[in-house]
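Every chain is numbered from 1 and lettered A, B, ... according to where its sequence line falls, protein lines coming before strand lines.
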Number of protein chains: 2
Amino acid sequence: MSGVSPRSIERQHARRNGEEGAGAGGARPARRGPLQLGYLSEHIGYVVRRAQLAIFKDFIKTMAPVDIRPAQYSVLIVIGENPGLTQAALGRALAIKRANLVGMLNELERRKLARRVASPSDRRSHALFLTATGRQMLARFHRLALEHEKRATRALDPAEKRVLLELLVRVARSLD
Amino acid sequence: MSGVSPRSIERQHARRNGEEGAGAGGARPARRGPLQLGYLSEHIGYVVRRAQLAIFKDFIKTMAPVDIRPAQYSVLIVIGENPGLTQAALGRALAIKRANLVGMLNELERRKLARRVASPSDRRSHALFLTATGRQMLARFHRLALEHEKRATRALDPAEKRVLLELLVRVARSLD
DNA sequence: TATTGTTATACTCTATAACTATA
DNA sequence: TATAGTTATAGAGTATAACAATA
C-alpha cells in the first residue's frame, strides 16, 4: 500500500464498511432502495458502457423487423460510401478483424445486399459493392435507424448531441 | 469534424457509385487513404461504441497485471458500497443477469476478494461482502483504474468530462 | 517477405429456460 | 405464485494461428 495522498477522500470507501458477521450473525441486508454505485459513476468506462448498452438495445429492437444488426448496418454504409473497397480496408475502417468479416459478408451476399467482385488489379483481394437491392434496402434501413436515433437522442438538443459526439471522438482518438 | 468540404462529398453517396461490372469488368478499387464513413459518424450508437471499445481496451490492459476485468471491478465496487446486498440486487444495479453473476462471484470468492454469507432474514438469498483482502485489493485496483481514467480522459478538461458524463447519463436514462 | 481472404478455433459476454428452496 | 440462486446451454462478438494464393 503505497502513495499516501493528502486527503484521499476516495480511499475511505474501502474503510467505511466491510466484512461484518465474519462468523457470527452479523449479516444484515443493505438498505432498501437503489444501490450506491460510489465512484463507479465517475468512471468514464462505466458510464459510456451503460449508455452504449442502452443505445444498442434500442437499435437492435428498432432494426429487428429488417433483421439488421449494428455491425451489419455499419458494413453496408461503408461499402455504400466506398464502392470497390477491399475486405481488409473495410475491416480497418470499422475495427473488425478480417477473419470476422468473412461470415458477415457471406450473409450479406446470401441476402443479395452486397457482392464480392474479383479485383482486376490485385487478384488476392475482392472489391465490395452494394447490389441494387442493397442500395434500396440500405435507404430503408437508414430511415429506420433515424427513428432509433431520434429516440436515443431525445434527451439532448442538437447542440448537446454535437458536443457529445465531439467529446467521444476526442476520447477515442486520444486512445488510439 | 463535420468539416464541410468544398465539394460536399457527403451528400452524393447514394448515387455516386453502385454495382458496377455486374458481369463485365467494371470493378475498380476504392480510392486510397482513409475511407468515408458517411452518416455513420453521425450515429450516436456508432460513436459511443467506438469510444467504449477504446476505453475498455485501455482499461483491460491497465488492469491486466491484477487480473481484473471491467465487470469484476464494478461488482467489487458495488459490494464495497453496499455490504450485505443480495446477488439479485447487485445484478439489478449493474444490469447483469443473475445467472451470469454466479460464475463471477464464484471466482471472486475463490480469490478471497468477496464472500457470500447466508442471509438470516431470507434464507433464499446470500448477503455479499468484501473480505479484508478484498478491501485492500480494491483500493489497489482503484489506484490502477485512476491511471487508466486519467489516460482515457486526457483529451478532456474537467468541465468537459463532467459534461460528457452528464449527457451520457441523460441518454441512458431516457432509454430505460 | 508481406498481404488478402479464408478456415478453424477459443474465449468472453450475454441471454434463456428450467430446477430447488424458499417466501 | 413469485423470488433467489443455480445449472446448463446457446448465441453473439471478438481474438489468434495457420494456410493458399498473390503481391
Output the rounded distance in Å from [atom1] ([X]) to [atom2] ([N]).
X        : N      : atom1 : atom2 : answer
B:Lys97  : C:dT12 : NZ    : P     : 20 Å
A:Met104 : D:dG13 : CE    : P     : 8 Å
A:Gln72  : D:dT14 : CD    : P     : 12 Å
B:Leu108 : D:dG5  : CG    : C1'   : 16 Å
A:Gln52  : C:dC13 : CD    : P     : 14 Å
B:Leu53  : D:dG13 : CG    : P     : 12 Å
B:Ile60  : D:dT14 : CD1   : C1'   : 11 Å
B:Ile96  : C:dT16 : CD1   : C1'   : 17 Å

Selection from [options] that lies nearest to any side-chain heavy atom of [X]:
X        : options               : answer
A:Arg69  : C:dT16, C:dG5, D:dA12 : D:dA12
B:Arg98  : C:dC13, D:dG5, D:dA17 : D:dG5
A:Val102 : D:dA4, C:dT6, C:dT4   : C:dT6
B:His126 : D:dA12, D:dT6, C:dT6  : D:dT6

Side-chain-base donor-acceptor pair under 3.5 Å for A:Asn100 and D:dA15: yes
Check: D:dT3 base within 3.5 Å donor-acceptor of B:Arg124 side chain: yes
Is the phosphate of [N], meaning OP1 or OP2, less than 4.0 Å from a side-chain N or O of [X]?
X        : N      : answer
A:Arg49  : C:dT14 : yes
B:Arg116 : D:dT6  : yes
A:Gln87  : C:dT3  : no
B:Arg123 : D:dT3  : no

Answer yes if the side chains of [X] and [Y] hold a donor-acceptor pair under 3.5 Å, and no otherwise.
X        : Y        : value
A:Gln52  : A:Arg49  : yes
A:Arg50  : A:Tyr46  : yes
A:Ser174 : B:Arg151 : no
A:Asn106 : A:Arg111 : no

Touch class at under 4.0 angstrom, heavy-atom based, for A:Ala71 against every strand present: nothing
A:Arg115/A:Glu109 ion pair, N-O < 4.0 Å: no
